[in-house]
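First the structure, in the form of structure tokens, and then the observations on it.
Just follow the structure's listing: the first ligand is 1, and inside any ligand the first atom is 1.
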Amino acid sequence: MNRIAVMTSGGDCPGMNAAIRSVVRTGIANGLEVFGIEQGYKGLMENRIKLLESKDVANMIQRGGTFLKSARSLEFKTDEGQQMAVGNLEANGIEGLVVIGGDGSLTGARILHEKFGIKVVGLPGSIDNDIYGTSISIGVDTALNTICRAVDMINETASSHDRTFLIEVMGRNCGYLALMSAIASGAEAVIIPEVKYNIESIINKIKVRYVEGKSRSVVIVAEGAGSAYDIGKAFQLIGGFDTRITVLGHLQRGGAPSVFDRTLATRLGSAAVKGLIEGRTGVMAGLGNREISFTPLSEVLTKKRDLDETMLKIAEELSL
Ligand code: ATP
């Protein structure tokens with residue numbers, strides 16, 4: 001293998017630049033030429049492919065986002081689009097590909113591998129932590145730190161008034177960010193898509209806290225469980241609470257990656273290149289217990305991550 005390429009696709013997340021840097025420098029250190037594909041599958045179809053040198057990834061590990069840019073492409077879902085993408089890989093003599101992204105991006109990688117025989121290794125990049133085959137994805141730790149900083153600040157102002165704050169965080173199908181940030185910020189309640197919630201019992205629990213002398217409460221809501229605005233209205237109507245809503249939105253995706261994300265992305269990028277050199281393909285590199293492991297993309301994309309029941313129990317018990 002002489003030439004490999006790397007791209008970022010789907011939603012961006014902090015740590016993608018660190019992963020690209022690791023792929024580029026590991027590749028060069030192992031005698032490969034490494035190409036960067038701009039704007040994910042869109043750029044691959046448009047042949048936006050350039051040779052990257054070591055200096056191109058200098059001063060990059062601490063930067064959020066992705067300097068290769070990311071994109072979503074409907075055209076790549078068609079056979080015609082995929083043929084264009086494969087044609088460009090072949091025209092550039094690229095023999096191995098590293099795809100960094102979420103489930104959709106890894107689905108594209110699986111197609112390149114299964115349908116066209118392209119050698120591909122995926123890396124999990126998504127702040128939701130909804131990807132099977134890794135205990136944690138690139139970007140999750142930074143997003144959690146960002147959320148907790150925001151909740152801490154809201155807690156300070158909340159303490160000055162008798163108010164209930166509802167804070168909506170990202171997570172369409174997966175309540176990981178909400179659950180972990182609720183535990184780490186000491187929130188009174190968490191509402192996530194995986195668990196049916198009873199608004200009256202949450203309201204009653206918070207009322208008991210107020211009677212006991214607590215002056216404020218914070219409820220973290222995962223976006224997939226419902227809009228914090230709607231849930232906040234129910235808090236007002238049913239509980240008579242003075243509520244304030246904060247939707248954290250895209251700030252959760254931004255910012256400099258945490259030390260954990262920088263090192264995770266670096267380890268995964270290095271493993272992806274070494275995996276390609278050793279002949280691995282159709283797999284995703286992820287973090288197992290403490291070691292990097294490879295899981296077939298067919299498994300990554302058909303199995304679901306289980307909700308961590310222990311953490312759920314901890315959240316319930318500690319918010320009493
Ligand atoms: P995020 O977790 O942020 O949503 P993602 O990687 O899941 O990231 P998607 O928009 O779902 O983001 O997918 C990114 C791109 O991957 C799509 O725009 C498309 O080009 C490609 N892709 C997604 N699903 C498929 C599919 N079924 N077949 C081929 N390509 C796909």
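Polar contact check, S73 against ligand 1: a nitrogen or oxygen pair lies under 3.5 Å apart. Distances between N or O atoms of Y41 and those of ligand 1 include no value under 3.5 Å. The shortest N or O to N or O distance between G104 and ligand 1 is below 3.5 Å.
Residues C174 and R305 are not in side-chain contact: their nearest non-hydrogen atoms beyond the backbone lie 4.5 Å or more apart. Side chains of V151 and F165 form no contact here, defined as non-hydrogen atoms less than 4.5 Å apart. A heavy-atom distance below 4.5 Å is found between the side chains of M60 and R63. Looking at F235 and I203, their side chains come closer than 4.5 Å, going by heavy atoms from C-beta outward.
Set against the non-hydrogen atoms of G10, the atoms of ligand 1 under 4.0 Å away are 6 (O), 8 (O), 12 (O), 14 (C). Numbered from 1 in the order shown, with element, the atoms of ligand 1 that lie under 4.0 Å from a heavy atom of G11 read 1 (P), 3 (O), 8 (O). Remark: ligand 1 atoms within the under-4.0 Å shell around heavy atoms of G102 are 2 (O), 5 (P), 6 (O), 7 (O), 8 (O). Contact atoms of ligand 1 toward S9: 14 (C), 15 (C), 16 (O) (distance under 4.0 Å to a heavy atom of the residue). Listed by atom number, the atoms of ligand 1 under 4.0 Å from R172 heavy atoms are 4 (O).
In this structure, atom 30 (N) of ligand 1 lies nearest to the protein heavy atom F76 CD2, 3.4 Å. Protein heavy atom nearest atom 29 (C) of ligand 1, with residue, atom name and distance: I111 CD1, 3.5 Å. Scanning the protein heavy atoms around atom 4 (O) of ligand 1, the nearest turns out to be R72 NH1, 3.3 Å. For atom 25 (C) of ligand 1, the closest heavy atom belonging to the protein is K77 CE, 3.5 Å. For atom 26 (C) of ligand 1, the nearest non-hydrogen atom of the protein is T107 CG2, 3.6 Å. Annotation: atom 2 (O) of ligand 1 to nearest protein heavy atom, S126 OG, 3.5 Å. Looking only at heavy atoms of the protein, atom 6 (O) of ligand 1 is closest to S105 OG, 2.5 Å.
In this structure, the side chain of Q252 engages the main chain of G249 through a donor-acceptor pair within 3.5 Å.
Of the N and O atoms on the side chains of K205 and S319, at least one donor lies less than 3.5 Å from an acceptor on the other residue. A side-chain donor-acceptor contact under 3.5 Å links T142 and D261. Under 3.5 Å, the side chains of N145 and D141 contain a donor-acceptor pair of N or O atoms.
If you take OG1 on T8 and CD on E38, they are separated by 9.5 Å, rounding to the nearest 0.5 Å.
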